[in-house]
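Note that these values count all heavy atoms, side chains included, but never hydrogens, waters or copies made by symmetry.
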Amino acid sequence: MRTPDWVERLGPGVTGFTPGEPVIVYGSRGCGVCANCLQGRENYCQTLGGQGPGLGGGHDGGMATYLLVPGSQYLIPLGTLDPARPPRPATPD
């Protein structure tokens, strides 16, 4: 799951982003303790069969009004891209 949106607010101690900044939320989350997770490969989590619980956790996730993200490592800055505007398909040269 990748959910484009804007940062609403930051929790205590979170740095590197500002409210209103466009981001994509990367939703694959692993257990954090298996060999793959410790190497930063949470999408290949061994404990959870490679699926990870994701950020929706059985709730609305990216379809909800707000999505609580457990840490800034799940945010990817979009720079000047608008999360509300879908990307145009590539055209052949």
Side-chain angles (χ1 to χ4, degrees):
M1 170 185 77
R2 288 169 185 82
T3 304
D5 216 320
W6 293 269
V7 173
E8 178 70 22
R9 64 180 174 216
L10 302 171
V14 177
T15 60
F17 293 91
T18 57
E21 183 173 352
V23 295
I24 286 182
V25 177
Y26 179 72
S28 294
R29 226 175 30 167
C31 70
V33 296
C34 73
N36 285 332
C37 286
L38 291 173
Q39 293 175 13
R41 300 173 53 200
E42 293 180 328
N43 54 325
Y44 293 103
C45 178
Q46 296 164 323
T47 303
L48 299 168
Q51 297 302 307
L55 294 173
H59 303 289
D60 292 338
M63 301 302 285
T65 304
Y66 293 99
L67 176 61
L68 181 61
V69 179
S72 61
Q73 69 268 30
Y74 298 102
L75 300 178
I76 301 168
L78 284 177
T80 59
L81 297 176
D82 182 351
R85 186 173 182 188
R88 288 185 283 165
T91 55
D93 292 335

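Listed by chain and number, the residues in a side-chain contact (heavy atoms from CB on, under 4.5 Å) with Pro83 are Pro4, Trp6, Pro22, Leu78 (sequence neighbours excluded).
Scanning all heavy atoms of the two residues, the minimum distance from Leu10 to Phe17 falls at CD1-O, 2.9 Å. Minimum heavy-atom separation, Glu8 to Pro19: O-CB, 3.5 Å. When all heavy atoms of Ala35 and Gln46 are compared, the closest pair comes out as N-OE1, 3.4 Å.
A 4.5 Å side-chain heavy-atom check between Val25 and Leu67 finds at least one atom pair inside the cut-off.
Rounding to the nearest 0.5 angstrom, the gap separating the OH atom in Tyr74 from the CG atom in Leu68 is 12.0 Å.
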